[in-house]
Amino acid sequence: MDFTFTEEQTMMAAALRELATDLCTPAVLRQRFEGAEGGAEERWQRLAELGLFGVLAPLAAGGMGLTDADFVLLAEEAGRAALPEPFAEQAAVALPVLARCGADREVADLLPRLASGTARIAVAHPRNPLVNVPPSPTHWLLCSQGRLALATADGVQAVERSSVDAGRRIVEVSAAGEAGRALAQGTRADALGAEVLARGAIYAAAQCLGLTARMLDIASSYVRERNQFGRPVGSYQAVKHHLASVAVKLEFARPVVYAAATCAAGTDPGSLAAASHAKLAATDAAELAARTAIQVHGAMGYSWELDLHFYMKRAWALSGAWGDRSFHARRMQRLLLEGALPLGPDHTFAFSA
Amino acid sequence: MDFTFTEEQTMMAAALRELATDLCTPAVLRQRFEGAEGGAEERWQRLAELGLFGVLAPLAAGGMGLTDADFVLLAEEAGRAALPEPFAEQAAVALPVLARCGADREVADLLPRLASGTARIAVAHPRNPLVNVPPSPTHWLLCSQGRLALATADGVQAVERSSVDAGRRIVEVSAAGEAGRALAQGTRADALGAEVLARGAIYAAAQCLGLTARMLDIASSYVRERNQFGRPVGSYQAVKHHLASVAVKLEFARPVVYAAATCAAGTDPGSLAAASHAKLAATDAAELAARTAIQVHGAMGYSWELDLHFYMKRAWALSGAWGDRSFHARRMQRLLLEGALPLGPDHTFAFSA
Amino acid sequence: MALDLAYTPAQQRFRSEVRDWLAAHVPQAPLATLESEAGFAQHREWERTLAMGNYGMITWPAEYGGRGANLIDWLIFEEEYYRARAPLRVNQNGIFLLGPTLMEFGTAAQKARYLPKMAAGEEIWAQAWSEPQAGSDLAALRATAVRDGDSYVLRGHKIWSSRAAFADWAFGIFRTDPASERHRGLTFMLVPLRHPGVRVRGIRQIHGEPGFAEIFFEDARVPLDHRLGDEGQGWHIAMATAGFERGLMLRSPARFQVAAQRLIDLWRSHGAEADPALLGRVAQGWMDAQAYALNTYRTASRLMAGGSIGVEASLNKIFWSELDLDLHRTAMSLLGARAELVSAGAPGPADDWLEGFLFSLAGPIYAGTNEIQRNVIAERLLELPRA
Amino acid sequence: MALDLAYTPAQQRFRSEVRDWLAAHVPQAPLATLESEAGFAQHREWERTLAMGNYGMITWPAEYGGRGANLIDWLIFEEEYYRARAPLRVNQNGIFLLGPTLMEFGTAAQKARYLPKMAAGEEIWAQAWSEPQAGSDLAALRATAVRDGDSYVLRGHKIWSSRAAFADWAFGIFRTDPASERHRGLTFMLVPLRHPGVRVRGIRQIHGEPGFAEIFFEDARVPLDHRLGDEGQGWHIAMATAGFERGLMLRSPARFQVAAQRLIDLWRSHGAEADPALLGRVAQGWMDAQAYALNTYRTASRLMAGGSIGVEASLNKIFWSELDLDLHRTAMSLLGARAELVSAGAPGPADDWLEGFLFSLAGPIYAGTNEIQRNVIAERLLELPRA
């Protein structure tokens, strides 16, 4: 039992933060919001150079062979930077699930290419209808009821959609249940689809942690500097308490997301509960952070010129992605009432780690 | 259309406030909490002398023949004082409903005695299982499914119960559906029972308004005087904002309760919605006031010595009386979704006034 | 008998008249956004239509182009207006804020010059209060209007000016005594926006549209009669204008009642898959909109009986802004995965709610932040000591 | 590999041992309330039983009567303790607060005198911090301990002293320099409660029981060796004690996990008639209790790896106190009309929840109000400026 991260784990996250500091600045996000490419290719290349697409890939596929405990801080950093690309979707949703289908020849060929970032995959799931696509996608992983399919990019009909979060490029897939070639069907496909959803939810949650921290930073910096009525806005107790409440939410969402990452592959009730709990706790924190950050900025927070809105909008978008609040809340309620989830103080870690 | 009270209405309320200032002091409440009678008889007499039991009674029964619009401020004052006796239950729940059964000889005889306070009635309803009984009750009004009955005090088996609000004396009735003599049965009884419940809810709500105002006064006074860290506690912005939020709740609960009083006798969907809305809004305000008042008092608010807890406890007790939060919330949800309640801006007063 | 909540026959007749007129005149197709030049022109045209029906500002006295209607009539008018889904009022700064201010503080010549064109929808007004360093703290403003012979020379930078992008005129306060501090030395000015030395630049808001503008005054010269009231009286007049803003006219309950009604419809279409807790929030939204409407009638009755509006304005501001936010947050939750969608062009329900949600985030901020309003309530209503 | 959330075999064995021991020793019938003399004696007896099993203070070093267990073991112990519904700890002021303080600041003689009796459950300690005019603002205290030859003479009035009604000793800070102000001139004292010049009076709380007491010092004379640390060092030592209070030991997640579990049971029995929104609150209660447990393991791991606890203590305080309040408010809502019932004597579910609800109201107040904790977070973690 050890609930701390290793130095290796935090250093890998620091490397991603450094990358983002160079290539995912607010200025770059602004370009994305204006419709430009905003350095997407370069970011993808640099992620690939750092080997980050392969963190969870088997050594045999050229990956690092690490675990979700090693990935979760990376997703948090991606969130902190509002990274536009579906990095977690490729590296920590599609790849580990595809790795379970490694007996399939095409999949076996694809895994090293996904791990190196030369292949680029988008992931559709009924609970994630608006798909964040990588720049120049090569493949699709398509989940639908009783079917898990792999498709090449040209084998999928996707329509572009416009989001309040213009940082990402989202599309909607039509006839996802018919496109591509089935890798699994029936209950096996549903089990793999459930893992896709759990992974999507957990890493969306991790991104929300990073977004929350970023918004809290932006807001705290602003109120330290901004003066009204002769004193810094941040010296008013009401402003302090608003921001402190965000800090509390963040502090207690973090361990929930980290714990969920350790059972990202689990399908037992405890693991499902952990994933839903993570999604709910982290999106709640991010939504509170957004609401609070704009409030303490005053009219300034409402302007396009400030960077704050890039992060707020990502938070709102992720809130609905990979199972919205209703989906996870209802699932959690069901799990708590059904009796399969062990309750009580001796069952804090009632999930398959 | 006039949403103000007349001078007569406010003066009558002022008279009750004066009575309470004499006879329903915190010292008296303290006696009640210690198990003593605490001047109950004298209060009842004085209420009778002022004619207040007869406000809604017909002139022919020796009453004032006034309307619920004239009574609602009286209930609010009863709440402000945490009046222990079931004044509203006799004067504004039982009496107007019994007046509809005036063809019954026993009822016709009873009405003037209720209006003068010489008879004293307790009211049981399935949604109000814990009944606040008057000192030396003479009668019971018993509502059960398909039956509205009148009983004499000795015809009812009631067991004393102990409440966190020891100001009132509450009992639970066994076999309410069999005691006494039926005045109405079937759908007519149910309609009268529904009016009993609506009236009980509306006047419990009105009492909660008064309780909220009282707790807000107590807390505001305390924080004006109490110093910590060299300045009044009430000068801290966090304390200010807590109490201001209570003031907002109170301001917007008031018109809801007043409007509901004007349709206390209604059985149309708008009137039922108004009653449930009143109960929810006023108990929410009172619960927030209680929580806030104790918080701004610090440890002091937690002590028996301070008067605050008399009012907090009444608020908690009334919250469950005459339909608890769940009952009214579900009824409101049903009314909003069923389609019988007209919605939209041109239907603000969609109840039978 | 008071606490009489039935409409009089005259009030019922007035409602019917308004309903009939709106049914005949409200444009069938939604107008383009106020934040585009074309849309602004369409809204201007609608103001002219309203004025022709004598519905432009029914509470104004007849001499200034109104009907002298009372506040209950105003509420009825607004209920019907929102019920008919009639367009946003581009003229609101003029008719609700500057109009009453001019009636109270203007000279006869000023009233004659400005009010009829305002009433006719011919001149549209912008607010010009805030400055970059004077947001919540308005007394920190620095823009100057220095007297020079028969004119004032305006210098400075106003911001968060609503409607200014396409409006004709703006009103605001300027420092006529450059050495003065805080509330002193300020003067209320009326300033043409298409004028030498006046430059307007739209501010993109988080939804990407320029809902506000900045106004740069670079030695803009206006005649002396563009001053309202006396020199140094600006703060006093501005507070009166702010009083009108906090009054009952601007923030109609009807708006929230319509939103609550739409939210119930949204539950009907999306509730089957929703967290049951959201139904509670939907119902709470309706109840709060209803409470706001009832309280507005209560305040209107009180004002008509000779009362005045004081700290109630702060209670109102908090309540409607939090209500609006709650309604839209609930809608966003109900829309779930699709809440983020902007369906540019064709407005779908998600689109309306998303735009409304973004707008609702501003509610607790503008017209005095809710933090400031809570201070006001604590200090004025509850008599708590200042820090 | 870190972020490893599996218990080691040794930890699993320890859990089994604790579970077995508790199953054999926890009294079958609930003890009488701590707030009665008889109940206090029963709880004292239970402390002795715990001590005999060497479970009294497992994290204390062996030399002082503990097992030198680490924080993860402590959490496991607590989980089993709450799972077994074992009695409240009457000894908590001693073992969690004064014990560690003595180990850090006491002389060898003081440690030898006090720690073994504390460990054995023979002497029960009360806190004596607050005074009537010094609640949140502890530095405003006025009680004095004036040196007179070989003793200190204590004068003053302490309040909100937990356990004091029946305890043997109290610890607190007194002003040894009567001319001093605020944090200076204070000294940490150990005071026998059954002693000439010391008078204890129970304070009835809102539930009617004397959970706290006042202590009046009327020229109570104690020897010099009742001083802990140096004269004038009192504030420093008291802050260390407060640090132990804010640490991980006192507020076990297990307590809230048991409450959340009971709340789910309450929904199972009362949910059919309940507002569906309450199910969301029930689930939120479980999730928050779970989050609190996970975060406690996280902090424990960090502390075991050499970290220290700073502003996290304030984050914790807010979270558990609001969680506790939410759990009990939800239960009260589920109990509906019967929530107000006190079933004196026979404890039914309503009774437990009502008592817990009243207790939970104190959570956001004691051990530093949540308002003060939010200030601390804003200033220390977010680096916002002081007012």
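Computed from a predicted structure; not experimentally measured. Lettering follows sequence order; numbering is per chain, from 1.
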Does any backbone or side-chain atom of [X] lie under 4.5 Å from a heavy atom of chain D? Answer side chain, backbone, both or neither.
| X | result |
| --- | --- |
| B:Ile294 | both |
| B:Arg314 | neither |
| B:Leu308 | neither |
| B:Met312 | side chain |
| B:Gln333 | side chain |

Note to self: I'd like to know which of B:Ala317, B:Ala329, B:Ala166 tops the heavy-atom pair count under 4.5 Å against chain D.
What the structure shows: B:Ala317

Next item on the list: With a 4.5 Å cut-off on heavy-atom pairs, point out which of B:Ala299, B:Gly298, B:Gly323, B:Gly301 contacts chain D the most.
Entry: B:Ala299

[X], [atom1] atom: more than 12 neighbouring heavy atoms under 6.0 Å:
| X | atom1 | answer |
| --- | --- | --- |
| B:Glu305 | CD | yes |
| D:Arg142 | CZ | no |
| B:Glu34 | CD | yes |
| D:Arg184 | CZ | no |
| D:Arg380 | CZ | no |

Margin query: Under a 4.0 Å threshold between the charged nitrogen and the carboxylate oxygen, would D:Glu273 count as salt-bridged to B:Arg331?
Written below: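 Salt bridge absent between B:Arg331 and D:Glu273.
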
Checklist line | B:Glu172 and D:Arg338 ion-paired at < 4.0 Å | finding: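 Between D:Arg338 and B:Glu172 there is a salt bridge, with a charged N closer than 4.0 Å to a carboxylate O.
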
Taking all non-hydrogen atoms of both residues into account, name the closest pair between [X] and [Y] and its distance.
| X | Y | result |
| --- | --- | --- |
| B:Val164 | D:Val342 | N-CG2, 3.5 Å |
| B:Trp304 | D:Gln205 | CE3-O, 3.2 Å |
| D:Trp160 | B:Ser303 | CH2-CB, 3.8 Å |
| D:Pro276 | B:Arg330 | CD-CG, 4.0 Å |
| B:Gln228 | D:Asp137 | OE1-N, 2.8 Å |
| B:Arg226 | D:Pro132 | NH1-O, 2.6 Å |

Check: Do D:Gln133 and B:Asn227 have a side chain donor and acceptor closer than 3.5 Å?
Finding: no

Next item on the list: May I ask you to check whether D:Glu371 and B:His242 show a side-chain donor-acceptor distance below 3.5 Å?
Entry: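 The criterion, which ignores hydrogens and geometry beyond distance, is satisfied for B:His242 and D:Glu371.
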
Notebook entry, point to check: Taking side chain as C-beta onward, heavy atoms only, is D:Ile372 less than 4.5 Å from B:Tyr236?
Noted result: no

Checklist line | Most contacts with chain B, counted as non-hydrogen pairs under 4.5 angstrom, among D:Gly336, D:Ala277, D:Ala274 | finding: D:Ala274

Notebook entry, point to check: Picking from D:Leu358, D:Ile159, D:Asn375, D:Asn370, which has the most non-hydrogen pairs under 4.5 angstrom with chain B?
Noted result: D:Leu358

Item checked: Test side-chain contact (heavy atoms from CB on, under 4.5 Å) applied to B:Ile170 and D:Leu341, step by step -> CA-CA 10 Å; B:Ile170 56 167; D:Leu341 282 183; 4.1 Å; yes

[X] side chain to [Y] main-chain N or O, any donor-acceptor pair under 3.5 Å?
| X | Y | value |
| --- | --- | --- |
| B:Tyr302 | D:Ile365 | no |
| B:Gln295 | D:Pro364 | yes |
| B:Lys313 | D:Ile206 | yes |
| B:Ser326 | D:Asp275 | yes |

Check: What distance separates D:His270 NE2 from B:Asp324 CG, expressed to the nearest 0.5 Å?
Finding: 10.0 Å

Measuring heavy-atom distances to chain B, does [X] have an atom under 4.5 Å in its side chain, in its backbone, in both, or in neither?
| X | value |
| --- | --- |
| D:Ala134 | backbone |
| D:Ala140 | neither |
| D:Arg329 | side chain |

Check: Taking the six-membered ring where the residue is Trp, are the ring centres of B:Trp316 and D:Phe357 under 6.0 Å apart?
Finding: yes

Margin query: Using only non-hydrogen atoms and a strict under-4.5 angstrom cutoff, which residues of residues 314-327 of chain D touch chain B?
Written below: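 D:Leu325 fall under the 4.5 Å cut-off.
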
